[in-house]
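Along the sequence shown, residues carry numbers from 1.
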Amino acid sequence: MTKRNWLLKTTLAVLLSTSMVAIGEPGQASALTITQGKQVIKAGEKYLGTPYKYASSRYTKSTMDCSEFTMWAYKEGVNIDLGKGGARSQYKKGTRIKRSELRVGDLVFFSTGATMKYAKGTIERIGHVGIYAGNNKVLHTYGKGGVRYSSMADGWWDDHYEAAARFTK
């Protein structure tokens with residue numbers, strides 16, 4: 001092995017071990033790193049307790065709906081613009097991933113009472129979005145209590161889980 005090849009392999013190994021590089025196809029944007037996912041969560045945590053308001057304006061942070069919350073967390077955390085659309089719009093913009101592949105910072109999507117009438121696996125079934133925070137937790141906003149953490153391990157959140165998407169930087 002040449003000195004140059006050894007140096008390249010060693011540098012790559014160091015970068016990968018510090019989670020500062022995400023592996024992707026050549027020419028594609030890389031997925032959020034672990035550090036960036038934590039930045040999204042940190043930005044979202046600034047809004048813990050902010051009241052929930054369905055169809056909130058997107059221009060004020062005094063109340064938020066679910067997709068406005070994720071919009072601000074991504075914008076302020078890693079400067080990714082998810083747009084001003086709702087949960088379905090955000091789902092369309094991401095790269096679909098399996099639940100078993102979730103990483104901190106990925107968006108997770110759920111059905112609601114109003115969307116349960118649609119067939120499982122269709123985009124119409126999505127009615128709520130939150131940010132995966134690790135350890136089967138979701139950071140989101142809904143109802144009384146506003147922005148908060150909930151467990152996806154069992155109960156309502158587990159039963160209503162529909163899909164997940166990852167965003168690139």
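Residues passing the salt bridge (charged side-chain N to carboxylate O under 4.0 Å, His left out) test with Arg96, sequence neighbours excluded: none. For Thr50, the side chain to side chain donor-acceptor pair (under 3.5 Å) test picks out no residue, with sequence neighbours left out. Qualifying side chain to side chain donor-acceptor pair (under 3.5 Å) partners for Ser151, counting only residues two or more places apart in sequence or in other chains: none. Checked against side-chain contact (heavy atoms from CB on, under 4.5 Å), Tyr59 has the following partners two or more places apart in sequence or in another chain: Ser57, Lys84. The side chain to side chain donor-acceptor pair (under 3.5 Å) check on Ser89 picks up nothing, with sequence neighbours excluded. Taking Lys117 as the reference, nothing meets the side-chain contact (heavy atoms from CB on, under 4.5 Å) condition, with sequence neighbours excluded. Taking the side-chain contact (heavy atoms from CB on, under 4.5 Å) definition, one finds that Lys42 meets it with nothing, sequence neighbours left out. Residues satisfying the side chain to side chain donor-acceptor pair (under 3.5 Å) criterion with Tyr161, sequence neighbours excluded, are absent altogether.
Applying the ring pair (Phe, Tyr, Trp, His ring centres under 6.0 Å) definition to pairs two or more places apart or across chains, those involving residues 61-90 are Tyr74-Phe167. Residue pairs meeting the salt bridge (charged side-chain N to carboxylate O under 4.0 Å, His left out) criterion with at least one partner in residues 136-154, sequence neighbours excluded, do not occur; the list is empty. Applying the salt bridge (charged side-chain N to carboxylate O under 4.0 Å, His left out) test to residues at least two apart or on different chains, the pairs with a partner in residues 60-80 are Lys46-Glu76, Arg58-Asp65, Lys61-Glu76.
Contact annotation: the side chain of Phe110 never approaches that of Asp159 to less than 4.5 Å [non-hydrogen atoms, C-beta and beyond]. Within the 4.5 Å cutoff, the side chain of Leu48 has heavy atoms near those of the Leu139 side chain. Within the 4.5 Å cutoff, the side chain of Met152 has heavy atoms near those of the Leu102 side chain. Leu107 is listed as a side-chain neighbour of Leu82, based on a closest heavy-atom distance under 4.5 Å. His160 places none of its side-chain heavy atoms less than 4.5 Å from the side chain of Thr112.
No donor-acceptor distance shorter than 3.5 angstrom exists from the side chain of Gln90 to the backbone of Ala87, with no hydrogens or angles considered. No donor-acceptor pair closer than 3.5 Å links the side chain of Arg99 to the backbone N or O of Val108. Not one N or O on the side chain of Asp158 forms a donor-acceptor pair closer than 3.5 Å with the backbone of Gly155.
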- [ ] Please step through side-chain contact (heavy atoms from CB on, under 4.5 Å) for the pair Val104 and Ile34, ending with a clear verdict.
- [x] CA-CA 7 Å; Val104 172; Ile34 292 168; 6.0 Å; no
Open item on the list: Could you walk me through whether Thr60 and Ser62 satisfy the side chain to side chain donor-acceptor pair (under 3.5 Å) test, starting with their C-alpha distance in whole Å, then the side-chain angles of each, then the deciding distance to 0.1 Å, before giving a yes or no?
Closed with: CA-CA 6 Å; Thr60 176; Ser62 60; 3.0 Å; yes
Open item on the list: Evaluate Arg103 against Arg166 for side-chain contact (heavy atoms from CB on, under 4.5 Å), listing each step before the verdict.
Closed with: CA-CA 9 Å; Arg103 292 195 314 226; Arg166 183 166 292 152; 3.5 Å; yes
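Partner Tyr142 forms a ring-ring contact (aromatic ring centres under 6.0 Å, His included) with one of Tyr52, Trp156, Tyr54 and no other, that one being Tyr52.
The line from CD of Gln36 to CD1 of Ile80 is 7.0 Å long, rounded to the nearest 0.5 Å.
Minimum interatomic distance between Thr115 and Arg88 (heavy atoms only, all atoms of both residues): CG2-NH2, 3.6 Å. Taking both residues in full, the closest heavy atoms of Ala164 and Phe109 are given as CA-CD1, 4.1 Å, listed atom of the first, atom of the second, then distance. Closest non-hydrogen pair, Ala43 versus Ala73, comes out as CB-O, 3.5 Å. Taking every heavy atom of both residues into account, Ala165 and Gly94 meet most closely at CB-CA, 4.0 Å.
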With a cut-off of 3.5 Å and sequence neighbours excluded, list every side-chain donor-acceptor pair involving residues 122-134.
from: Thr122; atom 1: OG1; to: Ala119; atom 2: O; distance (Å): 2.7
from: Arg125; atom 1: NE; to: Glu162; atom 2: OE2; distance (Å): 2.9
from: Arg125; atom 1: NH1; to: Met116; atom 2: O; distance (Å): 3.3
from: Arg125; atom 1: NH1; to: Tyr118; atom 2: O; distance (Å): 2.9
from: His128; atom 1: NE2; to: His140; atom 2: ND1; distance (Å): 3.2
from: Tyr132; atom 1: OH; to: Asn135; atom 2: N; distance (Å): 3.4
from: Tyr132; atom 1: OH; to: Asn136; atom 2: N; distance (Å): 3.1

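The hydrophobic clustering, which links ILVMFWY residues whose side-chain heavy atoms are closer than 4.5 Å, places Val147 and Tyr149 together.
Counted within 6.0 Å of NZ on Lys120, heavy atoms from surrounding residues, nucleotides or ligands total more than 12; the atom is thus considered enclosed. By the 6.0 Å contact criterion, NZ on Lys93 is enclosed, its count of non-hydrogen atoms from other residues, nucleotides or ligands being greater than 12.
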